[in-house]
Amino acid sequence: MTNNSRKFIPTSLYPAKTKRIITVSLIFVIGFYLVSSITTESFIINFILKASNITDLIARFFPPDWGYVSNVWGKLFETIHMAIIATTIATLVSIPFTLLTAQNITTNKVLYNFMRFLLNIIRTIPDIILAVVFVGLFGIGMFSGIIALIIFSIGILVKLMSEIIEAIDMNPSEAIKASGGNTIQTIWYAVVPQVLPQFISFSLYVFEINIRASVVLGLVGAGGIGQLINKEINFLNYPAVSTIVLIIFAVVVVIDYISGKLREGIL
Amino acid sequence: MTNQIPPKPKKQSTFVKRMLIAIVLIAIYTWTIASAQARIDWGKIFSIRTVENFDRIIPKFFDPAFAETGTIMEKMIETIFIAYTGSLAAAVIAVPIAFLCASNIVRNKFLNNVGLWILGAVRAFPEIILAIIFVAAVGPNPFAGVLAIAIGSTGMLGKLYSEVIEGIDMHVVEALEASGANKTQIFFYGIMPQVLPEFLSYAIYRFEIDVRASSVLGIVGAGGIGTLITFAYLNRNWEEVGMILLAIIVVVTIIDQISGYIRRRLV
């Protein structure tokens, strides 16, 4: 009787194996958290201990120094121009790379895998480190920042676009090939119309990323508003820093909004 | 004549719109190029010094300072710890905010918008700017980095989480409500099982991004391998920069592979 009734009562919602896996991973996650938070001195207790610093911080950064605003414009426009130039060049340069990293266009396995590998490596390099390298090569200024941004955005654009190209409908391309079109004609009439909206949309997205990135490149001397932040921090002029940060915030929000609206309109 | 293709409708408004777009684009690019022309000193960039820099610096990248491996790996591990602590904190903090933003859970337009505004505002700050602020607040230590990563990631994770929550199957929730489950039961049996895998997947994805982000936070003093980059760069020690770059590429690639594997298993 007991045996029979037990059959109908499920012992648990999840099988024992799932439970074991979840337990082990939870222990691992929490254990790693303990190790890492204690070594970086950021255990939950530290948040409470350092909470008093927040009032200190507010006192230091507020009120923002509005008189400083007039010093910001020049560098702010430099930042935006860096992003515009870098996005434009990166968009154009990325086209051949995109075609080379799309499996359905580049049928040569070796070339395809080589391009993939190269772009994966480029994507792992943080933008600021690229800027450090180019500042070393070309000297301090806007040019080094632009080159760093170009390489950084090519990595992102090619990744996003090659995935879109790999997902296109190949029938038009076959039809054009069958009626005697050459490679260029196939790409122009079969591939481009299918991916153009996404291509423009991703370019705008990369522009958004570039605005954020170009803001910080100046910290290592690659032009833009980051140079001002660096200078004012070294002078411990925090009200000026908070002015710059608020202006950056406003610019990023406005540009994200415009670019978001444009992307909605395109897709 | 019956086979005649109907003529393309020509709209006056399309033409005007296109002209407007063209004018705006031309204006933006003229402004950009004029400003770039004024700021970039081409003579200095294409000079003999740049060629010398190339000769001096590029070979050193391919001859990384393997002697420094110990110090660099130590800092790299600190970087991973910062990223892990920060993204785990964000993965937890983002959950309540995401529920606040999800219009199918909190049926209050005002609260939804407040949540979305907070997340949008947080996302507008580049991580390194957050790091600058927190370094000013808690001093130049890894804790500042953890705070910057935690806050920065909350912005993105909250947005992604809330989209996941808005996409759940509400029938399950209704069925639980109908059979008399209370709010806690609905949460644990109706909502969590549907969203948890995607939450985890996004959190792990964010961890990948955070490893990249935290590797540069040290440039502003927030701990991790970035600290070494600043020193190596200021001392023109390009072998060490090369070695750091190599370490970042290797570690980021390994972490991407592992997290990609886990995410494929999860979803």
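Letters go in sequence order (proteins before strands), and every chain restarts at 1.
- For A:T39, the part lying near chain B is the side chain, with the backbone staying farther off; criterion is any non-hydrogen pair under 4.5 Å.
- With a threshold of 4.5 angstrom between heavy atoms, A:L137 approaches chain B through its backbone and through its side chain.
- When only modelled atom types and interatomic distance are considered, A:T124 and B:T253 share no side-chain donor-acceptor pair under 3.5 Å.
- If you measure heavy-atom distances from A:L236 to chain B, you find no contacts under 4.5 Å at all.
- Open room surrounds CH2 on B:W117; 12 or fewer heavy atoms of other groups in view lie less than 6.0 Å from it.
- Nearest approach of B:L88 to A:Y33, heavy atoms of both residues: CD2-CD1, 3.3 Å.
- Using a 4.5 Å cut-off between heavy atoms, A:I229 contacts chain B through its side chain alone, with no backbone atom that close.
- Contacts between B:I249 and chain A at a heavy-atom distance below 4.5 Å involve backbone atoms as well as side-chain atoms.
- Considering every non-hydrogen atom in both B:A121 and A:F249, the closest pair reads O-CE1, 3.4 Å.
- Side-chain contact between A:V133 and B:I57: absent, with no pair of heavy atoms (C-beta onward) separated by less than 4.5 Å.
- Taken to the nearest 0.5 Å, the OG atom of A:S36 stands 10.0 Å off from the CD1 atom of B:I82.
- Of all residues spanning residues 122-134 of chain B, those with a heavy atom less than 4.5 Å away from chain A's heavy atoms are B:R123, B:A124, B:F125, B:P126, B:I128, B:I129, B:I132, B:I133, arranged by number.
- Both the backbone and the side chain of A:V245 come within less than 4.5 Å of a heavy atom in chain B.
- Side-chain contact between B:Y233 and A:V135 is present, with at least one heavy-atom pair separated by less than 4.5 Å.
- Of all residues spanning residues 211-225 of chain B, those with a heavy atom less than 4.5 Å away from chain A's heavy atoms are B:R212, B:S215, B:V216, B:I219, B:V220, arranged by number.
- Only the side chain of A:Y238 comes within less than 4.5 Å of a heavy atom in chain B; its backbone stays farther off.
- Between the OG1 atom in A:T88 and the OH atom in B:Y29 there is a gap of 2.5 Å [rounded to 0.5 Å].
- Contacts of B:W31 with chain A are made by both backbone and side-chain atoms, with heavy-atom separations under 4.5 Å.
- Heavy-atom pairs under 4.5 Å with chain A were tallied for B:V138, B:I248, B:N141; the largest tally goes to B:V138.
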